[in-house]
There are 2 protein chains.
Amino acid sequence: MSLIVVGSVAYDGVETPHGKVDRMLGGAATYIALAAAYFTPVKLVAVVGDDFAQEDYELLASRKIDLEGLERIPGGKSFFWAGKYSDDMNDRTTLRTDLNVFADFNPKLPASYRPAPYLLLGNIQPSLQRGVRAQMNGVKLAGGDTMNYWINDFRPELLQTIREWDFLLINDSEARLLSGEHNLRRAAAKILDMGPHTLVIKRGEYGAILFRRNGHFMAPGYLLEDVFDPTGAGDCFAGGFIGYLAGRGVEASDGEIDIVELRRAVIYGSVMGSFCCEKFGVDRFRTLTREEIEARYQEFQTCTSF
Amino acid sequence: MSLIVVGSVAYDGVETPHGKVDRMLGGAATYIALAAAYFTPVKLVAVVGDDFAQEDYELLASRKIDLEGLERIPGGKSFFWAGKYSDDMNDRTTLRTDLNVFADFNPKLPASYRPAPYLLLGNIQPSLQRGVRAQMNGVKLAGGDTMNYWINDFRPELLQTIREWDFLLINDSEARLLSGEHNLRRAAAKILDMGPHTLVIKRGEYGAILFRRNGHFMAPGYLLEDVFDPTGAGDCFAGGFIGYLAGRGVEASDGEIDIVELRRAVIYGSVMGSFCCEKFGVDRFRTLTREEIEARYQEFQTCTSF
């Protein structure tokens with residue numbers, strides 16, 4: 001069950017209390033695709049410059065990620081972001097953002113992508129997200145991410161965009177900003193009135209909450225002994241969540257959906273987010289196996305059942 | 001299965017975004033006792049002045065809380081604390097602390113209290129906590145709370161005290177301070193080396209984690225729609241936790257204990273802490289029924305199982 005992933009493929013410079021890497025593969029779509037690819041075939045839509053390294057291309061290709069939609073701009077440079085984390089890694093400061101070729105990103109789906117049933121829209125301009133959705137035919141489940149910048153400065157476009165989504169995956173501060181409510185339960189109720197029948201609020205180390213009109217599900221965060229680099233953890237959560245649902249062929253009809261599968265998807269999201277933090281950048285995914293994923297899923301069960 | 005509760009019985013002045021009360025019944029031991037009394041018979045050890053109101057005495061007595069150990073100092077004034085919460089209620093500022101009769105609190109157990117099998121020591125000077133433990137004979141399960149002041153300035157006494165405890169119930173910042181480790185999994189491992197075989201780390205709205213040498217259990221926080229006053233929520237957690245264990249007659253032998261009952265105790269702790277926040281001070285406990293407690297426990301199960 002093919003999943004289309006749209007968003008940034010980039011290079012990151014990251015400093016955490018555990019070390020510093022000046023330039024490594026990053027970007028939301030990279031993390032989403034790598035995480036989702038453990039569960040389902042992924043087709044990537046992104047743009048890079050001709051500085052995009054062959055080894056990074058090969059890493060994605062080795063996961064059977066379809067790269068027909070990875071546009072390469074001759075003479076262009078890939079999106080570059082650099083940031084530094086605080087000592088407890090709960091805050092980060094952006095040191096540099098060079099949009100480069102990403103500034104003109106206008107995602108176009110190859111013909112072979114259009115009939116795909118699953119769509120995950122990474123955090124990009126809301127009308128671009130909407131344009132991607134419009135290029136597809138036969139979507140069974142679509143949703144995505146956004147951020148404070150779009151919520152504040154592109155609110156009408158954003159509202160128009162998410163009205164067509166099945167699910168929205170955002171963090172707690174974004175949920176508060178979007179709804180104007182501090183309390184998450186009230187915030188969720190307002191957001192579910194904006195269109196999506198499913199809302200996942202990510203709370204970093206504290207886990208995530210899945211909201212539906214008739215109830216919610218709370219997943220704790222996995223208790224890691226060492227967090228090396230939290231970059232991309234939220235995107236890996238998204239990748240695990242939608243990847244699992246796509247792999248299982250879960251679909252929504254009139255907003256109705258298998259709630260047990262949705263809950264499992266949240267746990268797989270948490271699992272993938274937790275692995276992401278164990279090494280710098282995407283390094284953990286160079287060795288991670290499906291067996292390790294299943295073992296951690298079982299650990300979640302053991303650590304939460306009563 | 002009688003439970004001894006030792007700590008402060010006080011008057012509080014509290015201001016939250018939802019209102020302001022100049023003077024109402026408060027104190028850690030009050031909250032612990034009221035919460036625990038839903039599950040097991042409670043015997044209170046505390047000190048008040050002769051300003052302690054008859055109606056407050058009657059509230060405690062109406063819950064069958066044994067008040068033989070509630071010392072009343074003629075001419076003395078009860079402990080008074082006043083605080084104001086921030087808009088999101090995640091921070092609070094202490095406006096006033098008048099220790100009054102609590103400054104000379106030296107808990108002495110009535111003879112009828114000494115054979116009680118369960119002991120919960122609220123946050124008081126560690127050597128006083130130790131003195132209470134020494135007055136008891138036949139304790140099956142003992143533990144308690146502490147705070148940053150004792151951890152920083154009375155560390156040797158505190159370490160000597162908790163060495164004799166079965167469980168320690170503290171919040172995340174106290175666990176970090178006590179262990180010198182930021183990561184909670186590492187912090188817990190160090191604290192479990194200090195004596196207690198069971199550690200519960202409270203994380204406020206994010207729930208709680210139960211740590212044992214061979215594993216841990218994570219409980220999310222109950223998602224309240226309105227938090228009126230978080231004062232006492234951590235103490236009500238403690239009361240629900242130990243109250244449930246006492247009511248079920250759970251005991252530890254060589255550190256071995258029924259892990260399923262421990263997990264349930266953590267959920268009952270979360271349930272009692274959540275109810276506490278729904279009204280000002282102890283008001284929620286004036287009407288709360290055991291049926292409402294069971295219903296919320298079931299809600300926890302529904303919201304967390306997958």
Side-chain angles (χ1 to χ4, degrees), chain A residues 17-18 86-90 172-173 176 181-189 201 203-212 214-228 244 259-271 277 297-306, chain B residues 17-18 86-90 172-173 176 181-189 201 203-212 214-228 244 259-271 277 297-306:
Chain A
H18 295 282
S86 62
D87 282 347
D88 65 4
M89 281 185 276
N90 285 329
D172 41 8
S173 68
R176 288 175 172 131
E181 290 280 352
H182 180 78
N183 179 284
L184 290 186
R185 210 158 166 164
R186 290 172 185 274
I201 298 183
R203 302 204 284 178
E205 65 170 309
Y206 299 114
I209 312 175
L210 171 82
F211 288 95
R212 305 248 313 144
N214 55 1
H216 65 273
F217 167 65
M218 290 183 285
Y222 184 78
L223 220 54
L224 283 164
E225 211 153 324
D226 284 301
V227 174
F228 277 90
Y244 174 76
I259 184 73
V260 174
E261 290 287 33
L262 269 184
R263 287 171 175 230
R264 289 179 186 151
V266 171
I267 299 296
Y268 278 108
S270 293
V271 165
C277 299
Y297 181 92
Q298 287 306 321
E299 225 182 313
F300 261 94
Q301 195 111 52
T302 308
C303 287
T304 59
S305 63
F306 64 92
Chain B
H18 294 281
S86 62
D87 282 348
D88 65 4
M89 281 185 276
N90 284 330
D172 41 6
S173 68
R176 288 176 172 131
E181 290 280 353
H182 180 79
N183 180 283
L184 289 185
R185 211 159 166 163
R186 290 172 183 273
I201 297 183
R203 302 204 283 180
E205 65 170 308
Y206 299 114
I209 312 175
L210 171 83
F211 288 96
R212 305 248 314 144
N214 56 1
H216 65 273
F217 168 66
M218 290 184 284
Y222 183 78
L223 219 56
L224 283 163
E225 211 153 324
D226 284 301
V227 173
F228 276 91
Y244 174 77
I259 184 74
V260 174
E261 290 287 33
L262 271 184
R263 287 170 176 231
R264 289 179 185 150
V266 171
I267 300 296
Y268 278 108
S270 292
V271 165
C277 299
Y297 181 92
Q298 288 305 321
E299 223 182 315
F300 261 93
Q301 195 110 52
T302 308
C303 287
T304 60
S305 63
F306 64 91

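Just so it is clear: chains get the letters A, B, ... in the order the sequence lines come, proteins before strands, and each one is counted from 1.
With chain A as the partner, the residue from B/D88, B/I267, B/V260, B/L184 showing the most heavy-atom pairs under 4.5 Å is B/I267. Heavy-atom pairs under 4.5 Å with chain A were tallied for B/V227, B/L262, B/T302, B/D87; the largest tally goes to B/T302.
Interface residue B/Q301: backbone and side-chain heavy atoms are both found under 4.5 Å from chain A. Only the side chain of A/H182 comes within contact range of chain B, with at least one heavy atom under 4.5 Å from a heavy atom of that chain. Interface remark: A/N183 contributes side-chain atoms only to the contact with chain B (heavy atom separation under 4.5 Å). For a residue to count as touching a neighbouring chain, one of its non-hydrogen atoms must lie under 4.5 Å from one of that chain's; by this rule A/L223 touches chain B with backbone and side chain alike. Contact annotation for B/L224: only backbone heavy atoms (N, CA, C, O) come within less than 4.5 Å of a heavy atom of chain A. Using a 4.5 Å cut-off between heavy atoms, A/D226 contacts chain B through both its backbone and its side chain.
At least one side-chain heavy atom of A/T304 sits less than 4.5 Å from a side-chain heavy atom of B/F306.
If you take CE on A/M218 and OG on B/S305, they are separated by 11.0 Å, rounding to the nearest 0.5 Å. The CD atom of A/E181 sits 9.0 Å away from atom CD of B/E225, with the distance rounded to the nearest 0.5 Å.
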